[in-house]
Amino acid sequence: MELGPYIILGLLEGLVTAAVLSLMAVGLSLVFGVMRVVNVAHGEFFMVGAVLAWWIAGSIEGNPALGFVAAMLLAPPLTAGLAVIADQLILKRIGYDPERTIVATIGLLYVIQQLTLMTFGPDARPVEAPFNNRLSIPLLEWTNDGLALYWPWGLGTTSYKIAVILAALTLLVAIWLLMTRTRYGLIMRATQLDRETALAFAIPVNRVYASVFGLGAGLAALGGVLIVPIQQAHYLMGHDPLLLSFIVVIIGGLGSLPGTIVAALLIGLSDGIISIFFSPTLAKIIATLAVAFFLVFRPQGFFGKRAL
Amino acid sequence: MRKPTNNVSIKRNHQVDMGQVQNMTKQSSRRKAIKTLAATTALVATASSLPLFGRYSQAEASEPIKIGFQVHRTGIGAAYGRWYDRATKAAVKKINDEGGINGRKVEIIAEDDGTDPKRGAEVVEKMATQHGCDIAFGTLFSHVVIGSAPRAGELKIPYFVVSEGHHVASGMLNRYTLQPGITDVKSQVQAMAPFVSSSLGKKVTMIYPDFAFGHDHRDYFSAAIEAQGGQVVAKIAIPPTESSFTKYFPKIPRNTDVIYHVMVGPAVLTFVKEMGEFFGNSRPEIFGFIDSLEAVDLASPGLEFLEGTYFWEGNPRYAQANQSVYDKDYRTAVGVDANGASLSDSKDVSTYAHMFGCWETLHIVKAGMEASGYSGPKDRAKLIEAVEAMTLMPHSHAHPQGAKEFNGRTHQVFGHQYITKVTNSKLVLAHTTSISDTYYPDEVDYTKQPF
């Protein structure tokens, strides 16, 4: 394969990774920003979203698109509900203490993972994409007759992958609007800025916390639903995205939404291109190395503010 | 100054202990003698009134033969584990219905190893020391076998693997590890190379999982295709836990005639689907090991591009036109329909190309135990010698996959291989190799190792 098609394929694969990653990392970043909770169980909400998508899509007969749309609509709220219950039962009881929440969410990770193993089983299960046509990508080249189109071997993507990128983009815009243009967003930002003052202004901080934890989990679940027609639902699928989300959130700056999205793009695209030119393992090594450098030289990330 | 004092006190204690022990032995042996006397009297009294009792008393009174089954219930081998379990249960039911082994029932003690080598060694240890198993059996994934076999050797428990890995015959393991129920990768790929080079093409790109099993494919197929005048133009290793694959495919050189793929792990369907999406309608010839689609429905959306491609199968998943009565009965016993799926759920596709190994291995264990007059763990060495003495195994109910030939020196079996072609989303038999196609020179003589 020549260089040009190589890069385009790498970018496309990278964009799909970045799309799903940004949804997940935004969820993680929101939860940390507002609640100061490092949610180690975040990857499991991603997995629960995918598993629920398999279950919902499988229980609806007829056109696979119908089942998938139902999964898109139902799986994230269900996962969010699960997260709200976890928040009320566990995180609230330990007073959102930073150290104890880390241990508690590690516990939650294993509880969710093992419950999925016990019910859903150890197999990977596919969900059919609502549409999935291969799109060959033509490139331009100079021939004796001037510019001409040609279709390089192996260069292509699928309509579904393009749709995933567009869907993630739409959702991110929606989140941004929610945060900046709505009353709910205002309350969230107020809680994030100063919990005590927000309480003094009669903001129901506990309810805000529960809803933010649910929202974060719902975003991870959406990522899971979007990815499941490309990959498959599996009880261990939450591990790698969790690691990458942490990388993204650290590089982007904990609690900073624009930083998170920029970092997701950076990590996703570099993963795509490095994987294709060198090896996927090297891409992971470089991403982890980048985190180490950020932690040493710019611990607040791209756009994060240095803690006082 | 201190040392001698200590020694003295130890000795004194020791003497006291010995005295107690002797007393206890005396007591217990006296009690035992009285008990035995009473029991014998009772037995003689009953036996005289029930003439048939004596014939079965040995079997009734005996403990069952315990077979420790190391099963991949979770982890990357879970789909195989589920079906290895079903094939094993079916074989044990058949053996028990036919009277067990040496008149004793067979009991399976299954334990999950998580498809993890470290856990595998612990499971083997648990079977030998805690459960008191007669043998350990059933491991598939090569890294788990390699991790567990040394422990089996140390504990001197016969370890019957169903793994395909070449590590048994390579001499890497020990006298306690045997693979009599399934051929190894070296045999398989060597038998495939002539077909690939003569029917599909000479320039091959290999895609394989990045662990022992995949490395066996890489090394032995490269050598075998070169012997046929072919050439491996690229070797693409993929970690078995990978979940997205498109990024690996641009490494396939443009001049590839044939893609040779073998993949394992939970994401195999994604792997094959993304390969199809990469090639579009300009694919090269494709030859795969069915491992890439074990437990996956061939009619899954996205697999249409496989039409007309070829697969190696250890045992044909779809009932073929020339199906033997042995395959038919075996299929029914395990609960598999003519399409290779579960009788109770047509979406639950079996690992048909591999799981026969469990069935056949258990029949070999039975034959070995009966030939050696196996009565308990003290006869473990005799059992291994009896299996080492085996040679030809005819196509039969005990060997439904086909006839085999066992090599006692290398602890490895040799047998027929099947090449099937995807035709209307089913696998139709295109070629069956002979047993001799799988032969290679011995690399070890385990019979020379002491027990």
Side-chain angles (χ1 to χ4, degrees), chain A residues 1-2 5-10 12-14 16-17 20 58 64 114 117-118 121-129 132-136 151-158 160-161 227-237 239-241 271-281 283-284, chain B residues 71-83 112 114-115 210 236-239 241-256 265-284 295-297 300-305 347-349 351:
Chain A
M1 213 185 206
E2 306 123 84
Y6 236 30
I7 294 179
I8 294 176
L9 195 69
L12 279 170
E13 284 300 300
V16 176
T17 313
V20 175
Q114 293 303 307
L117 176 62
M118 285 158 70
D123 297 305
R125 296 170 197 261
V127 171
E128 200 172 329
N132 197 27
N133 303 310
R134 183 180 189 274
L135 308 170
S136 292
W151 278 263
W153 184 69
L155 179 58
T157 185
T158 63
Y160 183 74
K161 283 185 177 172
I227 204 72
V228 79
I230 299 178
Q231 299 180 3
Q232 290 167 77
H234 185 240
Y235 78 107
L236 293 175
M237 71 188 292
H239 182 258
D240 279 357
D271 184 78
I273 291 185
I274 297 169
S275 295
I276 285 185
F277 278 98
F278 302 100
S279 85
T281 317
K284 296 246 155 56
Chain B
V71 51
H72 308 319
R73 279 205 208 289
T74 53
I76 58 170
Y80 287 94
R82 183 173 69 246
W83 283 98
D112 181 21
T115 327
D210 200 1
I236 302 174
I238 302 182
T241 48
E242 181 60 272
S243 56
S244 92
F245 301 88
T246 304
K247 53 197 176 199
Y248 293 92
F249 297 130
K251 296 198 178 68
I252 299 170
R254 188 71 181 91
N255 63 355
T256 298
V268 286
L269 174 58
T270 312
F271 165 73
V272 181
K273 245 168 57 183
E274 292 195 337
M275 183 158 70
E277 283 162 7
F278 178 80
F279 288 127
N281 46 20
S282 56
R283 67 166 173 80
V296 174
D297 189 353
S300 301
L303 299 187
E304 298 80 8
F305 78 101
K347 288 214 179 310
D348 187 0
V349 177
T351 57

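Protein chains get the first letters and strands the later ones, always in sequence-line order, with residue 1 at the start of each.
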Q: In Å and rounded to the nearest 0.5 Å, what is the OG1 to NZ distance from Thr246(B) to Lys161(A)?
A: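 Thr246(B) OG1 to Lys161(A) NZ: 3.5 Å, rounded to 0.5 Å.
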Q: Return the minimal non-hydrogen interatomic distance between Lys251(B) and Ser275(A), and the atom names on each side.
A: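 Distance-wise, the nearest heavy atoms are NZ-O, 3.1 Å.
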Q: So what's closer than 4.5 Å to chain B heavy atoms on Asp271(A): side chain, backbone, both or neither?
A: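 Contact with chain B involves the side chain of Asp271(A) alone.
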Q: Please state whether the side chain, the backbone, both or neither of Thr158(A) comes within less than 4.5 Å of a heavy atom of chain B.
A: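 When you check distances to chain B, only side chain atoms of Thr158(A) fall under 4.5 Å.
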Q: With a 4.5 angstrom heavy-atom cut-off, which part of Pro241(A) approaches chain B: side chain, backbone, both or neither?
A: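 It is neither, since no heavy atom gets under 4.5 Å.
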Q: Relative to chain A, which segment of Arg283(B) carries a heavy atom at a distance below 4.5 Å: side chain, backbone, both, or neither?
A: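 Interface part for Arg283(B): neither.
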Q: Less than 4.5 Å to any heavy atom of chain A: does that hold for the side chain of Lys273(B), its backbone, both, or neither?
A: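 Lys273(B) touches chain A through side-chain heavy atoms alone.
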Q: Are any non-hydrogen side-chain atoms of Met237(A) and Ser243(B) less than 4.5 angstrom apart?
A: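 With C-beta onward as the side chain, the pair stays apart.
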Q: Side chain from CB out, backbone as N, CA, C, O: work out which of these in Gln231(A) comes under 4.5 Å of a heavy atom of chain B, or both, or neither.
A: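 Both the backbone and the side chain of Gln231(A) come within 4.5 Å of chain B.
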Q: If I compare all heavy atoms of Ala124(A) with all of Pro266(B), which pair ends up nearest, and what's the gap?
A: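 Scanning both residues, the minimum pair turns out to be CB-O, 2.9 Å.
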Q: Report the distance from atom CZ of Phe249(B) to atom CD of Glu13(A), rounding to the nearest 0.5 Å.
A: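 Answer for the CZ-CD pair, Phe249(B) versus Glu13(A), is 10.0 Å.
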Q: Looking at Asn255(B), I want to see if its CG is surrounded by more than 12 non-hydrogen atoms of other residues, nucleotides or ligands under 6.0 Å.
A: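 Buried by this count: over 12 neighbours within 6.0 Å.
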Q: Working to the nearest 0.5 angstrom, can you tell me the gap between Leu135(A) CG and Glu277(B) CD?
A: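 The CD atom of Glu277(B) is 10.0 Å from CG of Leu135(A), to the nearest 0.5 Å.
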Q: So for Tyr248(B), is it side chain, backbone, both, or neither that comes closer than 4.5 Å to the heavy atoms of chain A?
A: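 Contact with chain A: side chain only.
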Q: Supply the atom-to-atom distance Leu236(A) CG to Ile76(B) CD1, rounded to the nearest 0.5 angstrom.
A: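 Separation between the atoms: 10.5 Å.
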Q: State the OG1-CG distance between Thr74(B) and Asp123(A), to the nearest 0.5 angstrom.
A: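 The OG1 atom of Thr74(B) sits 11.0 Å away from the CG atom of Asp123(A).
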Q: Roughly how far, to the nearest 0.5 Å, is CZ of Phe277(A) from NZ of Lys247(B)?
A: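 So the gap between those two atoms works out to 15.0 Å.
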Q: With only heavy atoms counted, which part of Leu117(A) is less than 4.5 Å from chain B, the side chain, the backbone, both or neither?
A: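 Just the side chain, heavy atoms under 4.5 Å.
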